[in-house]
Amino acid sequence: MSMPAQKDAHHSVLVTGAGGFIGLNLVEALLVRSTKVVAFSREALPEQALAEFATLPGRLVVIEGDVCDSALVARVLRSEAISHVVHCAALTPSADADASRARQVIEVNVVGTEILLEACAAAQVRRFILPSSSAVYGAAVFGKEPPDEATPPQPNSLYGISKLSAECLGAHARRARGLDVIVVRLTAMFGPWERANSTRDTPSPLWQIARCALAAEPVCVHEGGGRDWTCSQDAAVILADLLEAGQLEHTLYNLSVGSIWHPRIFCEELARRMPGFSWRQADAAHPTNLRYYDQLDRQRVALKAGHLAQLAQGQAEFLSPARSAQRYADWVLKHPAWFR
């Protein structure tokens, strides 16, 4: 993607939720660009990730803390001279998560966002990227037409409701406080640095397949499960591009590979490299042993990234499904300890 850059010597990026799936990918992408990155996370960053990040040209500062701690957030923005923010901190509960988690989800995804927006406006942060989710479209992802940025959001899950609420707070901060807030709605993410932890209890089937393969466990994939699976590395690069771009025409961008593909492509790739790995299509005698967190009896449509295509003049860089599967397989085989 080619966009005018606004990066300068005083470019200092705060990434909240830096220890999470998208956060780790973004920290890595920014460090590759020789950026100073302040990784803000409720828990320590994984040692394996830190070891790899230490080989990259950027400068990394790690701060442990809660995004709902307003005093700490304000202090970090001031002491680290933060110029740009990407707010990745969020809880992604499954639809069957205990109802008692609802309050925690709202506190982190909504209240935490408002605390950060207010602090960033006061600190005169130059750009605030707010990663959101295709979950805000609700049932529209099963419709006849691909949802684009003009599709009315109709979330039908707690997570979708919390992300749309965060978007509304971002729009208010833009109008009332003059903060340059850019919302980016991500779709089905997979790839390096994904893991199941206290903030993410919906790991992708591709992560589950990788873990099974490394443990020499067979996999039964459901005939459903096709989605616009989008590589986390590609998404991180585009988020970094949007962060560093000059004046943007839009304040909302869908981010998706733009086509539906099935996880069996990844199974085929791993089977070629790992002769001991076996997989099959699930049937009545062999039900799936993966969790999909999706309505598998309904056909999904891919998110349409119309604004992103306009911005990049059709050059947003997404690998093909086959190439994405190959690249993730490369990473999995290089990082077996990550899946233990």
Side-chain angles (χ1 to χ4, degrees), residues 1 13-33 35 37-43 45-46 48-50 52-53 56 58 60 62 67 84-94 105 108-109 112-113 116 127-136 159-160 162-163 166-167 170 181-204 206-207 210 227-244 253-257 293 303 305 308 316-319 324 327-328 331 335 338:
M1 181 186 301
V13 180
L14 174 69
V15 178
T16 69
F21 175 28
I22 301 303
L24 287 170
N25 278 273
L26 181 60
V27 168
E28 184 173 42
L30 290 168
L31 290 173
V32 166
R33 301 179 182 207
T35 303
V37 182
V38 179
F40 190 87
S41 177
R42 192 169 60 179
E43 300 174 353
L45 268 61
Q48 190 170 357
L50 285 173
E52 293 202 16
F53 295 170
L56 302 177
L60 178 63
V62 180
V67 74
H84 296 70
V85 171
V86 187
H87 180 38
C88 295
L91 297 183
T92 55
S94 61
V105 170
V108 174
N109 296 5
T113 299
L116 186 60
R127 177 159 291 162
F128 186 110
I129 300 287
L130 178 60
S132 186
S133 169
S134 60
V136 304
Y159 178 63
S162 72
K163 296 307 284 185
E167 288 186 19
V181 179
I182 305 297
V183 173
V184 184
R185 290 174 178 164
L186 308 179
T187 187
M189 292 285 118
F190 80 97
W193 304 124
E194 183 179 9
R195 57 179 175 160
N197 59 13
S198 61
T199 63
R200 181 181 177 84
D201 57 11
T202 56
S204 73
L206 291 99
W207 177 86
R227 294 190 64 175
D228 47 346
W229 296 108
T230 301
C231 181
S232 55
Q233 290 169 309
D234 294 340
V237 168
I238 291 171
L239 287 171
D241 283 347
L242 289 169
L243 186 73
E244 298 174 352
Y253 295 86
N254 283 346
L255 198 163
S256 164
V257 70
Y293 311 101
L303 217 61
L308 191 62
E317 295 183 3
F318 292 105
L319 295 181
S324 291
R327 184 168 66 174
Y328 188 34
W331 195 90
H335 300 80
W338 183 254

* What pairs of residues pass the salt bridge (charged side-chain N to carboxylate O under 4.0 Å, His left out) test when at least one of them lies in residues 187-199, not counting sequence neighbours? -> Glu194-Arg200

* **Any residue meeting ring-ring contact (aromatic ring centres under 6.0 Å, His included) with Tyr328, in chain and number order, not counting sequence neighbours** => Phe190, Phe266

* Asked: At their closest point, which heavy atom of Leu308 faces which heavy atom of Tyr253, and how far apart are they?
  -> N-CD2, 3.7 Å

* Asked: Are Trp193 and Ser232 close enough, and set up right, to give a side chain to side chain contact (heavy atoms under 4.5 Å, CB included), and what steps lead you there?
  -> CA-CA 9 Å; Trp193 304 124; Ser232 55; over 6 Å; no

For a quick test of your reading: what N or O donor-acceptor pairs under 3.5 Å do the side chains of residues 13-23 make, sequence neighbours left out?
{"unit_1": "Thr16", "atom_1": "OG1", "unit_2": "His87", "atom_2": "ND1", "d": "2.7"}
{"unit_1": "Thr16", "atom_1": "OG1", "unit_2": "Cys88", "atom_2": "N", "d": "3.1"}
{"unit_1": "Thr16", "atom_1": "OG1", "unit_2": "Ala89", "atom_2": "N", "d": "3.2"}

* Asked: What residue among Arg127, His84, Arg33 forms side-chain hydrogen bond (donor to acceptor under 3.5 Å, both in side chains) with Glu244?
  -> Arg33

* To do: Under the side-chain contact (heavy atoms from CB on, under 4.5 Å) rule, collect the residues that match up with Ser133, sequence neighbours excluded.
  => Ala135, Tyr159, Lys163

* Knowing that exactly one of Val86, Leu31, Ile129 qualifies, which makes a side-chain contact (heavy atoms from CB on, under 4.5 Å) with Leu26? -> Val86

* To do: Output all residues satisfying salt bridge (Lys or Arg N to Asp or Glu O under 4.0 Å) with Arg327, sequence neighbours left out; order by chain, then residue number.
  => Asp234

* Asked: Are side-chain heavy atoms of Pro192 and Asn25 found at a separation under 4.5 Å?
  -> yes

* Test Ser134 against Arg185 for side chain to side chain contact (heavy atoms under 4.5 Å, CB included), laying out the working first. => CA-CA 6 Å; Ser134 60; Arg185 290 174 178 164; 5.7 Å; no

* Kindly give the heavy-atom pair with the smallest separation between Ser256 and Asp228, and that separation in Å. => OG-OD2, 2.8 Å

* To do: Start with the C-alpha gap between Val62 and Leu50, add the side-chain angles, then the distance that decides, and say whether side chain to side chain contact (heavy atoms under 4.5 Å, CB included) holds.
  => CA-CA 10 Å; Val62 180; Leu50 285 173; 4.1 Å; yes

* **Donor-acceptor under 3.5 Å (Thr230 side chain, Val257 main chain)** => yes

* To do: Looking only at non-hydrogen atoms, find the nearest pair between Val27 and Ala39 and report the distance.
  => CG2-CB, 4.4 Å

* Taking only residues two or more places apart in sequence or in another chain, which ones pass side-chain contact (heavy atoms from CB on, under 4.5 Å) with Ala235? -> Met189, Leu255

* Flag, side chain of Asn109 to backbone of Ala166, donor-acceptor distance under 3.5 Å -> no

* Asked: Are any non-hydrogen side-chain atoms of Ser204 and Tyr293 less than 4.5 angstrom apart?
  -> no

